[in-house]
Amino acid sequence: MDPLHLRSAGTSLLISFDSGEAEVIHWGADLGAALPGLAILTTPVGNSSVDARVPAALLPQASSSWRGRPALRGNRITDGAPGLDFSSRLRVTSVDTAGAGRATIVQADADTGVSVATSLTLHPGGLLELRHTLTNNGTTPFQVDELATVLPVAPDAVELLDLTGRWCRERQPQRRPIQQGTWVRSGRHGRTGHDSSLLFAAGTKSFGNRHGKVWATHLAWSGNHEQFADTIGDGRTMIGGSELLGSAEVILAPGGSYSTPALFAAYSDRGLDGITEAFYSWFRSRPHHILPAATAGTAAAKPRPVVLNTWEAVYFNHDLGTLIELADSAADLGVERFVLDDGWFRGRRDDHAGLGDWYVDETLWPDGLTPLIDAVTSRGMEFGLWVEPEMVNLDSDVARAHPDWISGPSAVAHKDGGRLPLEWRNQHVIDLVNPEAWQYVFDRISALLGENNISYLKWDQNRDIVEQGHAGRASVHEQTLAAYRLFDELRKAHPGVEIESCSSGGGRVDLGILERTGRVWASDCNDALERQAIQRWTGAVVPPELVGSHIGPTTSHTTARTHDLSFRAITAFFGHFGMEWDVRGVQGAEREELRRVVGLYKEHRGLIHSGRPVHADITDEAYQLHGVAAAEPAADGTTAALFAFVCARTSGAEQPGRMGLPGLHPDRTYRVEPIFPAPGDADYGHTFTQVQPPAWLTDGATASGQFLGEVGLPMPMLNPEHAVLIKVTAL
């Protein structure tokens with residue numbers, strides 16, 4: 001059987017079938033069209049080892065003497081007794097290469113009665129998507145304990161970078177050397193988790209933003225999961241991931257199938273920015289992707305509206321007059337979407353009661369939400385609403401009427417003595433695996449959308465689900481699928497409504513949920529300093545048009561830090577921009593500055609939401625230089641790039657020195673100038689600490705992209721926790 005060679009955007013995936021398995025010979029740099037005979041790659045067989053060559057296969061298995069993590073763990077249940085057919089010997093039975101960049105490989109074992117179909121798609125931007133579907137071809141049930149998707153990385157991948165975090169400090173990078181053994185990142189939150197590694201990357205020594213080879217993966221799943229790097233004794237390393245299944249969660253009846261979440265994988269010889277470009281290319285090529293206005297002509301083309309969310313403005317204090325005043329103030333600033341947060345439904349005065357009772361509270365809203373919605377829409381804004389459909393308070397009508405709808409480890413309802421999990425933010429999980437509970441939630445949210453002019457749902461999920469059970473059995477797998485179905489059916493019933501995924505902030509950020517939502521809320525923390533890292537690493541995979549990024553109050557709700565408006569605004573600029581702030585109190589010069597920021601965002605959001613990500617490699621960790629460059633060389637007179645130069649803390653050096661502006665076309669000529677804060681802006685004097693600025697800061701600079709990238713410009717001296725927005729125009 002001829003080898004399979006998929007090529008796209010500088011990446012090759014080469015698979016051989018000579019061993020009888022699907023052996024990954026190469027995943028990495030493009031190999032070109034002409035390939036030698038693969039016999040030249042035959043490896044030696046050593047002493048004190050199996051008397052055969054052991055392939056690094058798409059499905060590593062013990063039957064081939066693979067001594068690392070096997071792809072498939074499971075067993076057959078015969079006459080009620082588990083444990084049979086624990087080790088399969090899967091061999092390729094067919095390879096279908098219909099479609100450019102696509103293939104399906106089927107491997108089967110007649111003795112154990114299982115087969116696995118692997119679908120592979122190498123997308124035009126270089127992002128590889130793969131998933132397995134296991135089918136039970138036997139006559140008795142087969143229990144699946146794990147089915148992992150893995151890929152080998154090259155021997156010169158010697159470092160791992162993954163992400164961790166916590167509430168209000170999501171997606172923080174950590175590095176370690178690749179060593180023999182297994183590095184496993186497990187997520188047992190029942191959701192993706194604040195500490196989940198959105199990106200799991202192996203690379204050459206000291207790889208950075210724009211240098212080094214990198215092999216990276218992401219598991220598109222919103223439930224329990226594992227991501228890992230597995231290095232066996234002969235030096236080979238596999239990276240990948242799998243759904244982390246609970247006890248007996250997946251038992252296949254004869255003829256039944258189980259499909260893994262998709263594993264997305266990217267290779268770059270240009271550092272992490274190359275990985276990010278591959279993910280952005282995939283996102284932006286989706287037919288349902290919400291595209292910027294610059295891509296007009298597509299059905300989904302729509303500029304990302306400026307948002308005002310009411311949470312940090314009024315919290316639970318819902319009053320029609322106050323909210324209309326807030327809407328007036330927001331519209332005056334240029335806000336385009338007004339979102340009413342938690343506190344509008346029955347019994348909801350704080351976070352102890354009401355979840356699950358998705359009816360407008362008649363005592364707060366005797367005429368329903370219509371007066372507020374009319375006030376918002378008459379001012380030219382969309383109206384959005386906060387919901388948390390997957391959760392329930394015990395102090396709610398629905399919990400009192402249907403205690404059996406509350407998820408937990410017991411087979412009986414808590415009113416009958418069944419044990420409930422510990423509460424988290426005073427709430428429990430509604431059991432969406434229960435068809436009646438699912439239908440109730442769907443009907444109530446659908447009715448809200450049908451009865452009101454609502455364009456947007458902020459869909460929250462405020463707790464981990466560590467004892468998720470249905471009828472006494474573990475059910476994270478089924479709950480996740482039921483939640484997906486809830487999103488899907490509501491979107492089908494109300495196609496004009498956009499949904500945001502919020503999960504205690506950034507607790508559910510993954511490509512599984514992003515197939516169903518128009519954006520994610522990166523964090524409940526609006527502190528601009530914390531957001532610098534949160535947004536940088538969220539943006540390593542997720543493009544800015546899908547990442548909610550708001551200006552919070554002057555003093556942060558979550559950290560008590562105080563920042564100038566310019567720092568908060570520049571931080572929020574590189575995302576889906578908005579505000580979460582009582583802007584009624586913003587007056588005078590600060591209000592004019594805020595109005596100018598909104599105008600700048602509207603002017604440049606087409607570039608921000610369509611361009612290539614750029615992150616300079618800077619050795620001094622006090623500084624960051626990041627931004628976005630036009631995907632194609634910009635026409636004369638257009639904005640070719642926007643950069644933020646950020647000072648996060650004091651530096652050991654007296655001056656920042658010269659820094660290159662990455663991502664510009666080397667043969668084009670550009671003009672570089674700061675645009676915010678500028679002389680006359682309220683924060684200008686607070687931002688800079690120099691006696692004499694670099695000349696370009698006041699006069700601008702003109703140079704080629706080659707010069708700006710290689711020689712760079714002397715950066716201004718900034719006070720810590722300040723930033724300046726830099727515009728690059730093509731001449």
Please check if any side-chain donor atom of S501 sits under 3.5 Å from a side-chain acceptor atom of T517, or the reverse. no
Tell me whether E170 contacts the main-chain N or O of G506 through its side chain, where contact means a donor paired with an acceptor under 3.5 Å. yes
Around atom CZ of R102, are there more than 12 heavy atoms from other residues, nucleotides or ligands closer than 6.0 Å? no
For T231 and M238, run side chain to side chain contact (heavy atoms under 4.5 Å, CB included): C-alpha distance rounded to whole Å, both residues' side-chain angles, the deciding distance at 0.1 Å, then the answer. CA-CA 6 Å; T231 303; M238 310 287 276; over 6 Å; no
Applying side chain to side chain donor-acceptor pair (under 3.5 Å), name anything that partners E436, two or more places apart in sequence or on another chain. none
Measuring from L128:CG to L6:CG, what's the distance to the nearest 0.5 Å? 7.5 Å
Expected output: side-chain S503 to main-chain Q461 donor-acceptor under 3.5 Å: yes
Run S119 and T104 through side-chain hydrogen bond (donor to acceptor under 3.5 Å, both in side chains) and show every step you take. CA-CA 4 Å; S119 65; T104 300; 5.8 Å; no
Is a donor from one side chain sitting under 3.5 angstrom from an acceptor on the other, for S446 and D443? no
Quick one about T260 and R131 (side-chain donor to acceptor, distance below 3.5 Å, no hydrogens or angles considered), yes or no? no
Let's go through S197 and Q227 carefully: what are the C-alpha distance in whole Å and the side-chain angles of both, what is the deciding distance for side-chain hydrogen bond (donor to acceptor under 3.5 Å, both in side chains) to 0.1 Å, and is it a yes or a no? CA-CA 8 Å; S197 188; Q227 296 174 92; 4.7 Å; no
Looking at E226 and R69, is any side-chain nitrogen of the basic one under 4.0 Å from a carboxylate oxygen of the acidic one? yes
In the structure I gave you, are the side-chain heavy atoms of T135 and V116 within less than 4.5 Å of one another anywhere? no
Go through the steps for L130 and L151 under the test side chain to side chain contact (heavy atoms under 4.5 Å, CB included), then give the verdict. CA-CA 10 Å; L130 65 157; L151 288 164; 4.1 Å; yes
Separation of D111 CG from D85 CG (nearest 0.5 Å): 8.5 Å
NZ (K415) and NE2 (H402) are apart, to the nearest 0.5 Å, by 11.5 Å
Check for a donor-acceptor pair, side chain of T140 on one end and backbone N or O of T78 on the other, with a separation under 3.5 Å. no
Taking D156 first and then K213, would you say they form a salt bridge - that is, a charged N and a carboxylate O separated by under 4.0 Å? yes
Measuring only between side-chain heavy atoms, which start at C-beta, is L4 closer than 4.5 Å to T97? yes
Would you check if the side chain of H225 reaches a backbone N or O of G223 as a donor-acceptor pair within less than 3.5 Å? yes
Any carboxylate oxygen within less than 4.0 angstrom of a Lys/Arg side-chain nitrogen, looking at E390 and R508? yes
Sidechain-backbone polar pair: T204 side chain, F207 backbone, donor-acceptor under 3.5 Å: no
Heavy-atom check, side chain of L420 versus side chain of L394, under 4.5 Å: yes
With no hydrogens and no angle check, just 3.5 Å: does a side-chain donor-acceptor pair link Q174 and D162? yes
Is there side-chain contact between V509 and T192, with heavy atoms separated by less than 4.5 Å? no
Pair S504-R191, side-chain donor/acceptor within less than 3.5 Å: yes
Would you tell me whether S222 and T480 have side-chain atoms, one donor and one acceptor, within less than 3.5 Å of each other? no
Rounded distance [0.5 Å steps], CG in L163 versus NE2 in H194: 14.0 Å
N75 side chain vs G83 backbone, donor-acceptor pair below 3.5 Å: yes
Main-chain N/O of S196 paired to R171 side chain as donor or acceptor, under 3.5 Å: no
Is it true that, when you exclude R67 itself, more than 12 heavy atoms of the residues, nucleotides or ligands shown sit nearer than 6.0 Å to its CZ? no
Search all heavy atoms of S242 against all heavy atoms of L147 and return the closest pair with its distance. CB-O, 3.8 Å
Side chains of Q172 and T164: is there a donor and an acceptor less than 3.5 Å apart? no
Do the two ring centres, one from F283 and one from H288, sit under 6.0 Å apart? no
When you look at CZ of R7, are more than 12 heavy atoms from neighbouring residues, nucleotides or ligands closer to it than 6.0 Å? yes
Side-chain donor-acceptor pair under 3.5 Å between H470 and Q479, yes or no? no
Check the pair Y484, E489 against side-chain hydrogen bond (donor to acceptor under 3.5 Å, both in side chains), reporting the backbone distance first and the verdict last. CA-CA 9 Å; Y484 282 173; E489 292 302 316; over 6 Å; no
So, S64 versus E21: side-chain donor-acceptor pair below 3.5 Å or not? yes
Does a side-chain N-to-carboxylate-O contact under 4.0 Å join R491 and D488? yes
Are the side chains of L59 and H132 in touch, meaning some heavy atoms are under 4.5 Å apart? yes
Hey, are the side chains of V54 and I232 touching, using non-hydrogen atoms and a 4.5 Å cut-off? no
I'd like to know if the side chain of E388 and the backbone of N462 have a donor-acceptor N/O pair within less than 3.5 Å. yes
Residue pair F264, W282: steps toward the ring pair (Phe, Tyr, Trp, His ring centres under 6.0 Å) verdict: CA-CA 10 Å; F264 288 88; W282 175 82; 4.8 Å; yes
Applying side chain to side chain contact (heavy atoms under 4.5 Å, CB included), run through W183 and L160 and close with a yes or a no. CA-CA 9 Å; W183 174 251; L160 280 176; 3.7 Å; yes
Can you say whether the rings of F279 and H218 are parallel (under 30°), tilted (30 to 60°) or perpendicular (over 60°)? perpendicular
With a 3.5 Å cut-off and no angle check, do the side chains of H428 and S407 form a donor-acceptor pair? no
Report yes or no: is the cationic atom of R185 (NZ for Lys, CZ for Arg) closer than 6.0 Å to the six-membered ring centre of F200, at no more than 45° off its axis? no
Go through it in stages, so that I can follow the logic: the residues are R463 and E423, the test is salt bridge (Lys or Arg N to Asp or Glu O under 4.0 Å), and I'd like the CA-CA distance, side-chain angles, deciding distance and then a yes or no. CA-CA 9 Å; R463 67 159 295 163; E423 286 193 327; over 6 Å; no
Does R473 pair with E249 as a salt bridge, N-O distance under 4.0 Å? no
dist L13:CG -> D30:CG (nearest 0.5 Å) comes out at 11.5 Å
Is it true that a side-chain atom of S49 and a backbone atom of G46 form a donor plus acceptor pair closer than 3.5 Å? yes
Pairwise side-chain contact, V520 with E500, heavy-atom cut-off 4.5 Å (strictly under): no
Does any N or O in the side chain of T93 come within less than 3.5 Å of the main-chain N or O of V106, such that one atom is a donor and the other an acceptor? yes
The single option from I25, D18, L14 passing side chain to side chain contact (heavy atoms under 4.5 Å, CB included) against L41: I25
Could you tell me if the side chain of F487 sits less than 4.5 Å from the side chain of I499, heavy atoms only? yes
Check this for me: does any side-chain nitrogen of one of R166 and D195 sit under 4.0 Å from a carboxylate oxygen of the other? no
So that I can tick it off, tell me whether E23 and R53 are bridged by a salt bridge, with the cut-off set at under 4.0 angstrom between side-chain N and carboxylate O. yes
